[in-house]
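The chains referred to below are lettered A, B, ... by the order of the sequence lines, with proteins before strands, and numbering in each begins at 1.
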Protein chains: 2
Amino acid sequence: MNTQTFSALAEPNRFNIVELLLSEPLPVGDIAEKLKLNQSQTSKHLRVLSEAGLVEVQPIANRRIYKLKPEPFQELDAWLDSYRRIWGARMDRLDDYLNVIQGKKTLN
Amino acid sequence: MNTQTFSALAEPNRFNIVELLLSEPLPVGDIAEKLKLNQSQTSKHLRVLSEAGLVEVQPIANRRIYKLKPEPFQELDAWLDSYRRIWGARMDRLDDYLNVIQGKKTLN
DNA sequence: TTATAATATTCCTTGACAGGAATATTCCTA
DNA sequence: TAGGAATATTCCTGTCAAGGAATATTATAA
(Lines give C-alpha, C1' and ligand atoms only; values in the text may rest on other atoms or scores of the structure.)
Protein backbone atom coordinates (compact mmCIF):
# COMPACT_ATOMS: atom_id res chain seq x y z
CA MET A 1 0.00 0.00 0.00
CA ASN A 2 1.36 3.37 -1.03
CA THR A 3 1.23 5.91 1.79
CA GLN A 4 1.21 8.67 -0.79
CA THR A 5 -2.46 7.91 -1.26
CA PHE A 6 -3.09 8.61 2.39
CA SER A 7 -1.06 11.81 2.34
CA ALA A 8 -3.02 13.06 -0.61
CA LEU A 9 -6.37 12.31 1.00
CA ALA A 10 -5.34 13.64 4.39
CA GLU A 11 -5.70 17.23 3.34
CA PRO A 12 -9.39 18.22 3.65
CA ASN A 13 -9.53 20.35 0.52
CA ARG A 14 -8.00 17.58 -1.52
CA PHE A 15 -10.38 15.09 -0.02
CA ASN A 16 -13.25 17.32 -1.05
CA ILE A 17 -11.89 17.56 -4.56
CA VAL A 18 -11.83 13.79 -4.80
CA GLU A 19 -15.37 13.54 -3.53
CA LEU A 20 -16.43 16.14 -6.02
CA LEU A 21 -14.78 14.34 -8.89
CA LEU A 22 -16.66 11.23 -7.92
CA SER A 23 -19.76 12.69 -9.51
CA GLU A 24 -18.11 13.86 -12.69
CA PRO A 25 -14.84 14.99 -14.23
CA LEU A 26 -14.42 18.73 -13.96
CA PRO A 27 -12.13 21.54 -15.10
CA VAL A 28 -10.07 23.44 -12.57
CA GLY A 29 -12.28 26.49 -12.57
CA ASP A 30 -15.41 24.55 -11.74
CA ILE A 31 -13.67 22.74 -8.93
CA ALA A 32 -12.42 26.00 -7.49
CA GLU A 33 -15.84 27.55 -7.70
CA LYS A 34 -17.76 24.67 -6.19
CA LEU A 35 -15.35 24.31 -3.30
CA LYS A 36 -14.76 28.01 -2.87
CA LEU A 37 -11.04 27.70 -3.30
CA ASN A 38 -8.98 30.13 -5.25
CA GLN A 39 -7.56 29.12 -8.58
CA SER A 40 -3.99 28.90 -7.41
CA GLN A 41 -4.70 26.61 -4.50
CA THR A 42 -6.88 24.42 -6.61
CA SER A 43 -4.16 23.93 -9.17
CA LYS A 44 -1.66 23.11 -6.48
CA HIS A 45 -3.90 20.56 -4.84
CA LEU A 46 -4.64 18.99 -8.18
CA ARG A 47 -0.96 18.70 -8.79
CA VAL A 48 -0.51 16.76 -5.57
CA LEU A 49 -3.44 14.51 -6.39
CA SER A 50 -2.02 14.00 -9.81
CA GLU A 51 1.43 13.07 -8.55
CA ALA A 52 -0.15 10.65 -6.14
CA GLY A 53 -1.92 9.04 -9.07
CA LEU A 54 -5.39 9.81 -7.81
CA VAL A 55 -6.43 11.93 -10.75
CA GLU A 56 -5.46 12.42 -14.32
CA VAL A 57 -5.97 15.28 -16.66
CA GLN A 58 -7.42 15.59 -20.10
CA PRO A 59 -7.07 18.89 -21.90
CA ILE A 60 -10.10 20.02 -23.80
CA ALA A 61 -9.92 23.28 -25.67
CA ASN A 62 -8.70 25.78 -23.25
CA ARG A 63 -9.45 23.80 -20.14
CA ARG A 64 -7.96 20.92 -18.28
CA ILE A 65 -10.50 18.37 -17.16
CA TYR A 66 -9.55 16.35 -14.11
CA LYS A 67 -10.98 12.95 -13.37
CA LEU A 68 -10.37 10.22 -10.85
CA LYS A 69 -8.16 7.27 -11.56
CA PRO A 70 -9.52 4.00 -10.20
CA GLU A 71 -6.21 2.31 -9.39
CA PRO A 72 -5.44 3.88 -6.00
CA PHE A 73 -8.94 3.15 -4.79
CA GLN A 74 -8.69 -0.40 -5.92
CA GLU A 75 -5.38 -0.69 -4.13
CA LEU A 76 -6.99 0.69 -1.01
CA ASP A 77 -9.78 -1.80 -1.38
CA ALA A 78 -7.33 -4.67 -1.73
CA TRP A 79 -5.40 -3.47 1.28
CA LEU A 80 -8.54 -3.44 3.38
CA ASP A 81 -9.03 -7.11 2.65
CA SER A 82 -6.52 -8.06 5.30
CA TYR A 83 -8.47 -6.05 7.81
CA ARG A 84 -11.89 -7.31 6.82
CA ARG A 85 -10.70 -10.82 7.42
CA ILE A 86 -10.16 -10.24 11.10
CA TRP A 87 -12.98 -7.93 12.03
CA GLY A 88 -14.57 -9.36 15.09
CA ALA A 89 -11.75 -11.81 15.45
CA ARG A 90 -8.15 -11.16 16.34
CA MET A 91 -8.57 -7.43 16.12
CA ASP A 92 -10.49 -7.21 19.35
CA ARG A 93 -8.96 -10.16 21.06
CA LEU A 94 -6.15 -10.01 23.46
CA ASP A 95 -5.87 -13.75 23.91
CA ASP A 96 -3.46 -14.21 21.09
CA TYR A 97 -0.95 -12.02 22.72
CA LEU A 98 -1.57 -13.25 26.21
CA ASN A 99 -1.08 -16.86 25.24
CA VAL A 100 2.28 -16.01 23.88
CA ILE A 101 3.70 -14.39 26.96
CA GLN A 102 6.22 -16.60 28.68
CA GLY A 103 7.72 -16.25 32.10
CA LYS A 104 4.49 -14.92 33.46
CA LYS A 105 1.86 -17.40 34.55
CA THR A 106 -0.86 -15.23 35.97
CA LEU A 107 -2.08 -11.81 35.02
CA ASN A 108 -4.27 -9.55 37.01
CA MET B 1 -15.16 10.03 6.23
CA ASN B 2 -12.74 11.39 8.79
CA THR B 3 -9.54 12.69 7.26
CA GLN B 4 -7.78 12.09 10.54
CA THR B 5 -7.63 8.45 9.55
CA PHE B 6 -5.71 9.37 6.44
CA SER B 7 -3.36 11.65 8.31
CA ALA B 8 -2.58 8.93 10.78
CA LEU B 9 -1.86 6.37 8.08
CA ALA B 10 0.09 8.80 5.94
CA GLU B 11 3.17 8.58 8.12
CA PRO B 12 5.13 5.47 7.11
CA ASN B 13 6.17 4.43 10.60
CA ARG B 14 2.60 4.65 11.79
CA PHE B 15 1.42 2.70 8.82
CA ASN B 16 3.92 0.00 9.70
CA ILE B 17 2.69 -0.05 13.27
CA VAL B 18 -0.84 -0.62 12.05
CA GLU B 19 0.27 -3.41 9.78
CA LEU B 20 2.18 -4.98 12.63
CA LEU B 21 -0.80 -4.81 14.95
CA LEU B 22 -2.83 -6.58 12.34
CA SER B 23 -1.17 -9.84 13.37
CA GLU B 24 -1.52 -9.36 17.09
CA PRO B 25 -1.83 -6.79 19.86
CA LEU B 26 1.57 -5.78 21.17
CA PRO B 27 3.16 -3.72 23.94
CA VAL B 28 5.11 -0.60 23.08
CA GLY B 29 8.49 -2.20 23.59
CA ASP B 30 7.82 -5.01 21.16
CA ILE B 31 6.56 -2.62 18.53
CA ALA B 32 9.64 -0.47 18.90
CA GLU B 33 11.92 -3.47 18.66
CA LYS B 34 10.27 -5.05 15.65
CA LEU B 35 10.16 -1.81 13.70
CA LYS B 36 13.54 -0.57 14.94
CA LEU B 37 12.10 2.61 16.32
CA ASN B 38 13.15 4.11 19.58
CA GLN B 39 10.82 4.01 22.53
CA SER B 40 10.04 7.69 22.50
CA GLN B 41 9.06 7.81 18.87
CA THR B 42 7.00 4.72 19.20
CA SER B 43 5.03 6.17 22.07
CA LYS B 44 4.45 9.35 20.15
CA HIS B 45 3.22 7.58 17.07
CA LEU B 46 0.94 5.42 19.16
CA ARG B 47 -0.48 8.52 20.68
CA VAL B 48 -1.38 9.87 17.27
CA LEU B 49 -2.91 6.57 16.24
CA SER B 50 -4.81 6.50 19.47
CA GLU B 51 -6.19 10.00 19.06
CA ALA B 52 -7.24 9.12 15.55
CA GLY B 53 -9.13 6.16 16.97
CA LEU B 54 -7.11 3.57 15.10
CA VAL B 55 -5.81 1.81 18.18
CA GLU B 56 -6.71 1.41 21.78
CA VAL B 57 -4.67 0.45 24.77
CA GLN B 58 -5.07 -2.13 27.45
CA PRO B 59 -2.69 -2.00 30.38
CA ILE B 60 -1.38 -5.31 31.64
CA ALA B 61 1.01 -5.35 34.52
CA ASN B 62 3.36 -2.55 33.76
CA ARG B 63 2.95 -2.76 30.03
CA ARG B 64 0.51 -1.16 27.70
CA ILE B 65 -0.81 -3.42 25.00
CA TYR B 66 -1.96 -1.71 21.84
CA LYS B 67 -4.46 -3.22 19.48
CA LEU B 68 -6.33 -2.10 16.42
CA LYS B 69 -9.84 -0.77 16.59
CA PRO B 70 -12.05 -1.95 13.74
CA GLU B 71 -14.22 1.15 13.38
CA PRO B 72 -11.97 3.36 11.25
CA PHE B 73 -11.30 0.51 8.87
CA GLN B 74 -14.96 -0.20 8.56
CA GLU B 75 -15.57 3.45 7.92
CA LEU B 76 -12.93 3.37 5.22
CA ASP B 77 -14.57 0.34 3.73
CA ALA B 78 -17.94 2.02 3.70
CA TRP B 79 -16.46 5.10 2.13
CA LEU B 80 -14.94 3.04 -0.64
CA ASP B 81 -18.38 1.79 -1.54
CA SER B 82 -19.13 4.94 -3.45
CA TYR B 83 -16.03 4.41 -5.49
CA ARG B 84 -16.55 0.74 -6.12
CA ARG B 85 -19.91 1.53 -7.58
CA ILE B 86 -18.45 3.54 -10.39
CA TRP B 87 -15.30 1.68 -11.24
CA GLY B 88 -15.32 1.17 -14.95
CA ALA B 89 -18.18 3.58 -15.28
CA ARG B 90 -18.27 7.28 -14.70
CA MET B 91 -14.80 7.35 -13.22
CA ASP B 92 -13.13 6.87 -16.57
CA ARG B 93 -15.75 8.52 -18.69
CA LEU B 94 -15.62 12.00 -19.89
CA ASP B 95 -18.98 11.94 -21.60
CA ASP B 96 -20.89 13.00 -18.55
CA TYR B 97 -19.03 16.19 -18.37
CA LEU B 98 -18.98 16.82 -22.08
CA ASN B 99 -22.72 16.42 -22.41
CA VAL B 100 -23.21 19.05 -19.82
CA ILE B 101 -21.18 21.75 -21.48
CA GLN B 102 -23.36 24.43 -22.93
CA GLY B 103 -22.48 27.10 -25.42
CA LYS B 104 -19.97 24.87 -27.10
CA LYS B 105 -21.18 22.47 -29.74
CA THR B 106 -18.02 20.88 -31.03
CA LEU B 107 -14.81 19.99 -29.35
CA ASN B 108 -11.51 19.16 -30.99
C1' DT C 1 -0.55 37.83 -34.12
C1' DT C 2 -2.45 39.98 -30.37
C1' DA C 3 -5.59 39.92 -26.59
C1' DT C 4 -7.69 37.12 -23.34
C1' DA C 5 -9.37 33.12 -20.69
C1' DA C 6 -7.81 29.19 -18.14
C1' DT C 7 -4.41 27.18 -15.62
C1' DA C 8 0.27 26.51 -13.64
C1' DT C 9 4.21 28.10 -11.13
C1' DT C 10 7.12 30.92 -8.13
C1' DC C 11 8.18 33.36 -3.99
C1' DC C 12 7.25 34.17 0.62
C1' DT C 13 5.61 33.39 5.27
C1' DT C 14 3.74 30.63 8.76
C1' DG C 15 2.37 26.60 11.23
C1' DA C 16 2.47 21.74 11.97
C1' DC C 17 4.91 17.64 12.54
C1' DA C 18 8.78 14.17 12.99
C1' DG C 19 13.01 12.98 15.26
C1' DG C 20 16.53 13.13 19.08
C1' DA C 21 17.72 13.62 23.80
C1' DA C 22 16.52 14.09 28.23
C1' DT C 23 13.30 13.81 31.89
C1' DA C 24 8.89 12.60 34.04
C1' DT C 25 5.46 9.25 35.22
C1' DT C 26 3.41 4.89 36.35
C1' DC C 27 3.34 0.60 38.13
C1' DC C 28 5.36 -3.50 39.61
C1' DT C 29 8.50 -6.19 42.62
C1' DA C 30 11.63 -7.26 46.18
C1' DT D 1 8.79 1.87 50.29
C1' DA D 2 12.78 2.07 47.38
C1' DG D 3 14.49 0.63 43.01
C1' DG D 4 13.77 -0.42 38.46
C1' DA D 5 11.27 -1.55 34.15
C1' DA D 6 8.06 0.16 30.81
C1' DT D 7 6.06 3.96 28.86
C1' DA D 8 4.81 8.89 28.28
C1' DT D 9 5.97 13.67 27.91
C1' DT D 10 8.68 17.83 27.23
C1' DC D 11 11.90 20.71 24.91
C1' DC D 12 14.37 21.68 20.96
C1' DT D 13 15.46 21.78 16.07
C1' DG D 14 14.87 21.19 11.26
C1' DT D 15 11.91 20.15 7.47
C1' DC D 16 8.02 20.37 4.79
C1' DA D 17 3.52 21.56 3.31
C1' DA D 18 -0.35 24.97 2.84
C1' DG D 19 -2.02 29.51 1.86
C1' DG D 20 -1.71 34.20 -0.29
C1' DA D 21 -0.19 37.19 -3.87
C1' DA D 22 1.85 37.88 -7.92
C1' DT D 23 3.54 36.35 -12.23
C1' DA D 24 4.26 32.97 -15.99
C1' DT D 25 2.47 29.78 -19.31
C1' DT D 26 -0.62 27.77 -22.65
C1' DA D 27 -4.05 27.70 -25.79
C1' DT D 28 -7.92 29.70 -27.92
C1' DA D 29 -10.39 33.26 -30.49
C1' DA D 30 -10.87 37.47 -32.89
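- A donor-acceptor distance shorter than 3.5 angstrom exists from the side chain of A:Glu75 to the backbone of A:Asn2, with no hydrogens or angles considered.
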What does the list of N/O pairs under 3.5 Å between the protein and nucleotides 4-6 of chain C look like, with a distance for each?
none

Symbol by symbol from the 5' end, with Watson-Crick or G-U pairs under 3.5 Å, [ ] crossing and | another strand, DNA chain C is ||||||||||||||||||||||||||||||
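- Listed by first then second residue, pairs satisfying salt bridge (Lys or Arg N to Asp or Glu O under 4.0 Å) with a partner in residues 8-20 of chain B number zero, not counting sequence neighbours.
- Atom CD1 in B:Ile31 sits roughly 14 Å away from atom C1' in D:dA8 (whole-Å rounding).
- Remark: P of C:dA8 and CG of A:Leu49 are 12 Å apart, rounded to the nearest angstrom.
- Straight-line distance from the CD atom of A:Glu51 to the C1' atom of C:dA8: 12 Å, rounded to whole Å.
- The salt bridge (Lys or Arg N to Asp or Glu O under 4.0 Å) contacts involving residues 38-54 of chain B comprise B:Arg47-B:Glu51, where partners must be two or more places apart or lie in separate chains.
- With sequence neighbours left out, the side chain to side chain donor-acceptor pair (under 3.5 Å) criterion links B:Asn16 to no other residue.
- Checked against side chain to side chain contact (heavy atoms under 4.5 Å, CB included), B:Ala10 has the following partners two or more places apart in sequence or in another chain: A:Phe6, A:Ser7.
- Listed by first and then second residue, the side chain to side chain donor-acceptor pair (under 3.5 Å) pairs involving residues 31-40 of chain A are A:Gln39-A:Ser43 (not counting sequence neighbours).
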Mind running side chain to side chain contact (heavy atoms under 4.5 Å, CB included) on B:Thr42 and B:Asn13 for me, showing each step along the way? CA-CA 9 Å; B:Thr42 307; B:Asn13 290 316; over 6 Å; no
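- Rounded to the nearest 0.5 angstrom, A:Phe73 CZ and B:Leu80 CG are separated by 8.0 Å.
- When rounded to the nearest whole Å, the span between CD1 of A:Ile17 and C1' of D:dA18 equals 13 Å.
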* Asked: Does the side chain to side chain contact (heavy atoms under 4.5 Å, CB included) test come out yes or no for B:Arg63 and B:Val28, once each step is laid out?
  -> CA-CA 8 Å; B:Arg63 289 178 257 198; B:Val28 180; over 6 Å; no
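- Partners of B:Asn62 under the side chain to side chain contact (heavy atoms under 4.5 Å, CB included) rule, at least two apart in sequence or in another chain, do not exist in this structure.
- For the pair B:Leu37 CG and D:dT7 C1', the interatomic distance rounds to 15 Å; values are reported in whole Å.
- Protein atom CG of B:Asp30 is 14 Å distant from nucleotide atom C1' of D:dA5, rounded to whole Å.
- The side chain of A:Tyr66 places an N or O atom within less than 4.0 Å of a non-bridging phosphate oxygen (OP1 or OP2) of C:dA8.
- Under a hydrophobic clustering in which Ile, Leu, Val, Met, Phe, Trp and Tyr are joined whenever their side-chain heavy atoms come within less than 4.5 Å, directly or via other members, A:Val48 and A:Leu26 fall into different clusters.
- One can place CG of A:Leu26 at 15 Å from C1' of C:dT7, the figure rounded to the nearest angstrom.
- Taken residue by residue, residues 38-47 of chain B places heavy atoms nearer than 4.0 Å to DNA chain C at B:Asn38, B:Ser40, B:Gln41, B:Lys44, B:His45.
- One atom, CD of A:Glu11, and another, C1' of C:dG15, lie 13 Å apart when rounded to the nearest Å.
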